[in-house]
Amino acid sequence: MSEVIKVPTMAEFMAQGKNPEVLFWVGCAGSFDDRAKKISKAFAKLLNNAGVEFAVLGTEEGCSGDPAKRAGNEFLFQMQAMMNIQVLNGYEIKKIVTTCPHCFNTLKNEYPELGGTYEVMHHTQFLKSLLNEGRLKVEGGKFKGKRITFHDPCYLGRANNEYEAPRDLLRKLEVELVEMKRCKSRGLCCGAGGAQMFKEPENGDKDINIERTEEALETKPDVIAAGCPFCNTMMTDGVKGKEKEDSIEVMDVAEMIAAAADL
Amino acid sequence: MQYIPNILFLIVLVAGIGYFTKNIRKIIRNIKLGREADTSGNKSERWGNVVRIALGQSKMVVRPIAGLMHFVVYVGFVIINIEVLEIIIDGLFGTHRIFSFLGGFYDFLIASFEILALLVFIAVIIFWLRRNVQRIKRFLSPEMEGWPKNDGNLILYFEMVLMTLFIVLNAADLQLQNIGAEHYSRAGSFPVSQYLLPLLDGLSESTLIIIERAAWWLHIIGILIFLNYLYYSKHLHIILAFPNVYFGKLTTPGKFKNLESVTKEVKLMMDPNVDPFAAPPEGADAAEAPAKFGASDVMDLTTTQLLNAYTCTECGRCTSECPANQTGKKLSPRKIMMDTRDRLQEVGANIDANGSFQDDGKQLLGDYISTEELWACTTCNACVEACPVSIDPLSIIMDMRQYLVMEQSAAPTELNVTMTNIENNSAPWPFNQMDRANWIKE
Ligand code: SF4
Ligand code: SF4
């Protein structure tokens, strides 16, 4: 697949003496993980489609430090944070949007004390604001009437109290939104947070993503909607583990909107 | 001679309250062993939380059945305590129902106390059934074996006995009023205890007085014993829930605190004007002992975290929402709190015995909380969200992880690889930072 999407870098904007409306913070998963790259692309297409002037940091972006911090390595976290803050402040960034709730949380809540204060939005929040401003059209398309359940990312939901933006977008897709038994503030983690993504789980009788996938499957969904690249991986693995990958898709909300608009 | 009961009562009262105060002082002393907590932030927001979460029990009703019954017991407890005030005054001065001058309002008060006592009794029975017959899962975790289980039941027995004594006391009093006994002037309205009257029918005045006095004494002594029992029990939450909620975290749950000691060092490392090989500056900074990163024992935790530990009601709501625990991992956020409290109590006893803390070769990490538990946490905040009294088990887990990683380099191997990657390529995977924008063209 080699369609060219317009994704300018901050350096390019600088060279032209311009400032973008918003910086798209891609994150490590969005940059390197094959599955998550598709989310980055879908989101970039939506931004282009809505006429948003955005930029990425490209090779100047570094890990936000979230996994290091949650693993207990405060040194490494603060090193990462300060390097990123130097770059962001150098470009005088005011507004950031990211498709990763972990980057979102860290940039929004943990960077200010270290000298990096920006308006940070999760991509579902940003898309919703575009929708409200009439810049983005969200229509059912192929998802109309489909059963969709949304898995709340811990770092968007409980950590930052945002439950409605992704759901509002899904409703706009005219889907049949069904909730899992544990949802919103009582939503069950996918099992990836706190640096668990990067290690084997401790001994137990089940993997967390399987438990969560089972709960999602109970709602008999056509699509499990996610808002985080790590949740996405966890749920995709879970669906595969249950041998349901032929009938049930795991998709990011942004991917669904882009797919519905045939982007 | 006639004042002997009054004097006796005074002695019992002073002893009961005195011993309780002594133990509360110990708790305060132990909590102060912790590091200074961040108690900044809007005072009115803190008081708002106290009103909403502690007084208003807003988090309890997330689980409606337990929440409703807890509300009954809580309201009953608070209101019936108004009656204890009268009991104390009567005891000290030998009066009979000193507040009865309130007339109709007094009747109303006594009637509501009785109805509440009955409701409390019923709720406590249901609580007991949930623990012992229905055997609800969250009361059966490994950390609940032994004393915590007995503690939970003992509290319920205490309440059953106290409520029964209260009703028997009223019934005997009413019967004495009915037969016109001297000293027992007409006062109060008894919608519940009146049904016990047939049981007392035909008893002589002196027998009735013995029953009334016995119930009265047992009731007030029972209350004093219960008061002193709190110190040994999770029931301490009836007091500590209020300050604990006040000191609860105000910032958004996703925001973990940044270690200032680390910020200083990182800034120095990144400042191009600082000569990395320069000798450390003389004076105050040089004298400062190097800060210990994270927590390996209770003294490394903050006062708020230690208050959390004493406040924990062992309800297990946190554990029953914990993804790690629900999938059979050893981690239980409730156990984290109980371990912290038990270790703090051990440290406190050590201080009592030795005057100051003497190294006992033990610590919270390892002797109480294992690394396996710590590494199972996904930092999902479900435990924090679930806790009805604003306890933050996650913060203790994080502090202990910091100790493991920054003081002991004891992270699981895969995480060490992840962190090396972040350090070298600025991503948790071994990809080159120069390839970070490749996705655009792929
Ligand atoms: S934050 Fe950790 S301890 Fe708390 S519920 Fe989540 S996984 Fe369990
Ligand atoms: S920490 Fe809170 S939720 Fe967990 S057992 Fe203690 S009181 Fe209950």
Side-chain angles (χ1 to χ4, degrees), chain A residues 1-2 4-5 7 9 26 28 30-32 37 40-41 56 58-59 61-63 65 67-76 78-80 82-83 105 109-110 113-114 154-155 158-161 185-186 188-189 191-196 198-208 211-212, chain B residues 62 251-256 258-259 262-263 265-267 269-270 293-294 321 323-324 326-331 372 375-382 384-386 398 401-406 411-412 414-415 417-419 422-423 426-429 431 433-442:
Chain A
M1 198 176 65
S2 64
V4 181
I5 317 167
V7 183
T9 61
V26 186
C28 300
S31 305
F32 292 122
K37 282 187 225 172
S40 308
K41 285 184 187 165
V56 297
T59 56
E61 185 187 283
C63 174
K69 186 170 179 82
R70 314 294 141 178
N73 196 335
E74 183 74 8
F75 263 107
L76 184 52
Q78 292 202 13
M79 292 282 290
Q80 290 300 121
M82 291 206 200
M83 282 187 318
N105 176 68
N109 299 316
E110 290 161 355
E113 275 167 21
L114 302 173
C154 300
Y155 277 89
R158 258 192 306 275
N160 287 292
N161 201 28
S185 65
R186 294 183 78 179
L188 184 76
C189 174
Q196 295 294 341
F198 307 102
K199 61 182 266 298
E200 284 302 310
E202 271 54 41
N203 283 333
D205 30 64
K206 207 188 223 178
D207 282 341
I208 297 173
E211 170 90 2
R212 186 53 166 170
Chain B
V62 173
T251 50
T252 187
K255 179 179 175 176
F256 293 12
N258 292 331
L259 280 187
V262 170
T263 311
E265 295 201 26
V266 172
K267 279 203 172 131
M269 275 158 73
M270 294 193 50
F293 298 119
E321 304 269 334
Q326 291 312 294
T327 52
K329 318 287 189 293
K330 243 178 95 188
L331 171 62
E372 180 181 343
W375 289 117
C377 174
T378 72
T379 70
C380 72
N381 260 306
V384 181
E385 168 72 29
M398 280 314 305
R401 278 189 181 183
Q402 286 181 342
Y403 176 82
L404 282 173
V405 172
M406 291 195 283
E414 308 111 291
L415 283 188
V417 173
T418 305
M419 292 189 283
I422 295 177
E423 219 173 312
S426 225
W429 302 288
F431 293 113
Q433 191 170 8
M434 284 304 122
D435 296 336
R436 225 181 153 92
N438 291 4
W439 64 274
I440 301 169
K441 289 172 200 73
E442 274 168 21

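Naming convention: chains lettered A, B, ... in sequence-line order (proteins, then strands); numbering from 1 in each chain.
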Is a side-chain N or O of [X] found less than 3.5 angstrom from the main chain of [Y], in a donor-acceptor match?
X        : Y        : value
B:Thr327 : A:Asp207 : no
A:Lys199 : B:Trp375 : yes
A:Lys41  : B:Glu442 : yes
A:Glu61  : A:Val26  : yes
A:Arg158 : B:Cys380 : yes
A:Lys37  : B:Ile440 : no
A:Gln78  : B:Asn258 : no
A:Gln196 : B:Cys377 : yes

Provide the closest heavy-atom pair for A:Phe75 versus B:Glu265 in the form atom of the first, atom of the second, distance. CZ-OE1, 3.6 Å
Does any heavy atom of chain B fall under 4.5 Å from the side chain of [X], the backbone, both, or neither of them?
X        : result
A:Arg212 : neither
A:Tyr155 : side chain
A:Gln80  : side chain
A:Ile208 : both
A:Glu211 : side chain
A:Val56  : side chain
A:Asn105 : side chain

Using a 4.5 angstrom heavy-atom cutoff, name the option from [options] with the most pairs to chain A.
options                                : value
B:Arg401, B:Arg436, B:Met398           : B:Arg436
B:Ala427, B:Ala324, B:Ser426, B:Ala437 : B:Ser426
B:Leu331, B:Thr418, B:Thr263, B:Thr251 : B:Thr263
B:Thr379, B:Asp435, B:Val417           : B:Thr379

side-chain contact (heavy atoms from CB on, under 4.5 Å) partner of A:Met79, the single match among B:Val266, B:Ile422, B:Val262: B:Val266
Where does [X] contact chain A at under 4.5 Å (heavy atoms): side chain, backbone, both or neither?
X        : result
B:Ala382 : both
B:Trp429 : side chain
B:Leu259 : both
B:Val62  : both
B:Phe293 : side chain

Who wins among [options] for the most heavy-atom pairs under 4.5 Å with chain B?
options                              : result
A:Glu200, A:Arg186, A:Glu113         : A:Arg186
A:Cys63, A:Cys154, A:Gly30           : A:Cys63
A:Met82, A:Lys69, A:Arg70, A:Lys206  : A:Arg70
A:Asn160, A:Thr9, A:Asn203, A:Leu188 : A:Asn203
A:Pro67, A:Gly65, A:Gly191, A:Ala71  : A:Ala71

What distance separates B:Lys441 NZ from A:Ile5 CD1, expressed to the nearest 0.5 Å? 10.5 Å
